[in-house]
Amino acid sequence: MATFPRSPFDPSRENMRAIGEQALDYVINFISSREEAPASDLDGAYELAAALRASPPEQGLGFPALLQIIDKAAQKAYDTAGPGYLAYIPGGGLFASAIADLLADTTNRFMNISAPAPASVQLEANVVRWLCEEFKLPPESLGVLTSGGSMANFSAVVTARETYLGEDLQRGRLYVSEHVHHSITKSARLAGLPRAAIRLVPCDSRLRMDMQALSNLVREDSKAGHKPFLVVGSAGTVNTGTIDPLEEIAEFCSEHDMWFHVDGAYGGFFQLTEAGRKRLSGVESADSITLDPHKGMFLPYGTGSLIVRDGALLKAAHHEGADYLPTSSADADLPDFADYSPELSRDFRGLRVWLPLHLHGVGAFRRALEEKLSLARHVYDALAESNDLEVPWEPDLSIVAFRPRSGGEAAAQQLLNTINRSRRIFLSSTSIDDTRYLRVCILSHRTGPERIDEGIEIILKAAANL
């Protein structure tokens, strides 16, 4: 049998096994130490970053030395994979997804056109179809996995723009609440719409989009000769996890012939729970929905999705052919995802969703999300009983916002600093109506009742000692 020279980038079997075992040992130790690890550790982080500024060497280094650098860099950071990370909506980093990425990156199949790897594409298509079915979208619905909610929102805005405006972009007007994620307004600008096209709708006392204000703006713009074409509702705002009145927005868009997009990047996956479905009622009427598996399914950062009621409209907004591409798929159940997205080349995102779903089962995710809703309610009830704190909004989902009853901005910052110095929990703050609030964001699969009870104790003690 003829032998061929081995690529210099393919280590021997022995070396591959040694490197793999070292990496796996590191992963196991990393996951096992999350309970004791600080929720945030930036002491010396910038000095470390400066020390690591260097070009790659001409001659390669050994793997153990490189793994040590990776570990040092990972330690000096917010611990977004830990149970005490309650500052922002985290990416949980499931072990099964890490294994999926190893397998996907090694086999390295081309995924965005079905012809080069139809069976692998089918696995990703199964994930997209499951998402459409969970949100009760019709058989003609379709979607894509994206790098995150920002790209999903961008494609949604582009699809609505193409469907309703064509080339006449200057007349278009889109409507978002004042608490919408900034990626929506950024997407509108990137989609070629003028800044004047973005209309901010005031919110009611519960921080939900005010429907009367929306109606007034649309009527005003129509009389001025503009073309209202898109309303974006939030299925969980970043600041407080508030859900906009989705049913009312859906009816409004139907009456006024407008596209209804739901940004469910954070909160959409609570649809898997009974309580979440009730609170998200109306999402099933959306024309498009953004969902982030790297949030509500605890997957690694870089895993978002967009599902669209009419897949043909998504394709019409994104399709561009070329003679050098493989033959297009003629199977409606096996799409060429490049036709539905700005991307041609990308990684096999579907496997990092498909593998954990099949390894753990959907029920495991459902139960975990139910727990997060319960924990958020527990935090709200405990903090609301304090004489030292103001907790104005009951949580729709898994975010609780609060502030000191007195002392203003300075007291809020002092409280945040004291809480975070515990290194057992890590919180963030935001501004709502020009007032500073701290936030507890619960959406890590590793955050359980014990850490939440510990966090409540830390918060209450810090508030009492202001």
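- When side chains are defined from C-beta on, Tyr85 does not count as touching Ser444, because their heavy atoms never get closer than 4.5 Å.
- Taking CG from Leu200 and OG1 from Thr185, the interatomic distance works out to 8.0 Å, rounded to the nearest 0.5 Å.
- Checking Ser398 against Tyr266 by side-chain atom types alone, a donor-acceptor pair falls below 3.5 Å.
- Between Phe426 and Ile419, every side-chain heavy-atom pair lies at or beyond the 4.5 Å cut-off.
- Within 6.0 Å of atom CZ in Arg206, 12 or fewer heavy atoms from other residues, nucleotides or ligands are found, so the atom counts as exposed in its surroundings.
- Ring pair Phe135/Trp130: centre-to-centre distance not below 6.0 Å.
- Contact check on Arg309 versus Glu140 returns no salt bridge, with no Lys/Arg side-chain nitrogen under 4.0 Å from an Asp/Glu carboxylate oxygen.
- Donor-acceptor pairing under 3.5 Å is recorded for the side chains of Asn216 and Gln212.
- Tyr437 has its ring centre no less than 6.0 Å from the ring centre of Phe402.
- Under a 3.5 Å cut-off, the side chain of Thr303 and the backbone N or O of Pro300 do form a donor-acceptor pair.
- Of all the heavy atoms in Thr240 and Ala401, the pair that sits closest is CG2-CB, 4.1 Å.
- Salt-bridge annotation for Asp221 and Lys227: absent, with no side-chain N of the basic residue lying under 4.0 Å from a carboxylate O of the acidic one.
- No side-chain donor from either of Thr242 and Asp396 sits under 3.5 Å from a side-chain acceptor of the other.
- A donor and an acceptor atom, one from each side chain of Ser114 and Asp336, are located under 3.5 Å apart.
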request  = Give the C-alpha distance, both sets of side-chain angles, the deciding distance and a yes or no for side chain to side chain contact (heavy atoms under 4.5 Å, CB included) between Phe365 and Phe298.
outcome  = CA-CA 9 Å; Phe365 293 91; Phe298 324 120; 4.0 Å; yes
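- Between the side chains of His179 and Asp244, not a single donor N or O lies within less than 3.5 Å of an accepting N or O.
- Proximity of Tyr175 to Arg199: side-chain heavy atoms (C-beta onward) are separated by under 4.5 Å at one or more points.
- Atom CD1 of Ile399 and atom SG of Cys441 lie 4.5 Å apart (nearest 0.5 Å).
- For the pair Asp287 and Asp310, the minimum side-chain heavy-atom distance is 4.5 Å or more.
- Between the side chain of Arg161 and the main chain of Ala191, a donor-acceptor pair closer than 3.5 Å is present.
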key: side chain to side chain contact (heavy atoms under 4.5 Å, CB included) assessment of Val232 paired with Val157   = CA-CA 9 Å; Val232 180; Val157 171; 5.6 Å; no
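- Arg367 and Glu370 are not joined by a salt bridge, as no carboxylate oxygen comes within less than 4.0 angstrom of a charged side-chain nitrogen.
- Nearest heavy atoms, Leu299 versus Arg352: CD1-O, 3.5 Å.
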request  = Could you check Val379 against Ile456 for side chain to side chain contact (heavy atoms under 4.5 Å, CB included), going step by step and ending with a plain yes or no?
outcome  = CA-CA 7 Å; Val379 170; Ile456 290 171; 4.2 Å; yes
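- A donor-acceptor contact under 3.5 angstrom links the side chains of His226 and Arg173, judged on distance only.
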task = Show the numbers, then the answer: is there a side chain to side chain contact (heavy atoms under 4.5 Å, CB included) between Ser183 and Phe154?
result = CA-CA 8 Å; Ser183 65; Phe154 175 69; over 6 Å; no
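- For the atom pair Cys203 SG and Arg208 CZ, the distance stands at 10.0 Å (nearest 0.5 Å).
- Note: Tyr164 and Trp259 have perpendicular aromatic rings, judged against thresholds of 30 and 60 degrees for the angle between ring planes.
- Donor-acceptor pairing under 3.5 Å is lacking for the side chains of Asp263 and Thr290.
- Of all heavy-atom pairs spanning Phe30 and Ala81, the tightest one is CE2-CB, 4.3 Å.
- Nearest heavy atoms, Thr447 versus Glu371: O-OE1, 3.7 Å.
- For the atom pair Met151 CE and Ser341 OG, the distance stands at 6.0 Å (nearest 0.5 Å).
- Between His261 and Leu174 the shortest side-chain heavy-atom distance does not fall below 4.5 Å.
- What you find for Thr159 and Leu313 is that their closest heavy atoms are CG2-O, 3.5 Å.
- In summary, Glu390 and Arg403 engage in a salt bridge, as defined by a charged side-chain N under 4.0 Å from a carboxylate O.
- Taking 4.5 Å as the limit, some side-chain heavy atom of Leu217 sits within range of a side-chain heavy atom of Val201.
- In this structure, His445 NE2 and Leu369 CG are separated by 12.0 Å, a value rounded to the nearest 0.5 Å.
- Other residues, nucleotides and ligands contribute only 12 or fewer heavy atoms inside 6.0 Å of the CD atom of Glu274.
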message = Before you tell me yes or no, could you show the steps for Glu35 and Arg446 under salt bridge (Lys or Arg N to Asp or Glu O under 4.0 Å), namely the whole-Å CA-CA distance, both residues' side-chain angles and the distance that decides it to 0.1 Å?
response = CA-CA 8 Å; Glu35 180 62 37; Arg446 296 188 177 106; over 6 Å; no
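- Counting only distance, with no hydrogens or angles, the side chain of Asp210 and the backbone of Pro202 share no donor-acceptor pair below 3.5 Å.
- Listed here is the closest heavy atom pair of Ser141 and Arg129: O-NH2, 2.6 Å.
- Glu124 has a carboxylate O that lies under 4.0 Å from a charged side-chain N of Arg346, or vice versa, which qualifies the two as a salt bridge.
- For the residue pair Arg439/Ser428, the side-chain donor-acceptor check at 3.5 Å is satisfied.
- Judged purely by atom type and a 3.5 angstrom limit, Ser234 has no side-chain atom pairing as donor or acceptor with the backbone of Gly236.
- In this structure, a donor-acceptor pair under 3.5 Å is present between the side chains of Ser155 and His318.
- If you run side-chain contact (heavy atoms from CB on, under 4.5 Å) between Arg436 and each of Leu415, Leu416, Thr430, only Leu416 comes through.
- Asp453 and His378 are linked by a side-chain donor-acceptor pair at a separation below 3.5 angstrom, with hydrogens and angles left out of the test.
- Within 6.0 Å of NZ in Lys186 there are 12 or fewer heavy atoms belonging to other residues, nucleotides or ligands.
- Taking CD of Glu284 as the reference point, atom CD1 of Ile289 lies at 8.5 Å (rounded to 0.5 Å).
- Side-chain contact between Asp339 and Glu320: absent, with no pair of heavy atoms (C-beta onward) separated by less than 4.5 Å.
- Using the six-membered ring where Trp is involved, Tyr88 and Tyr78 have ring planes that are parallel, under 30° apart on the 30 and 60° scheme.
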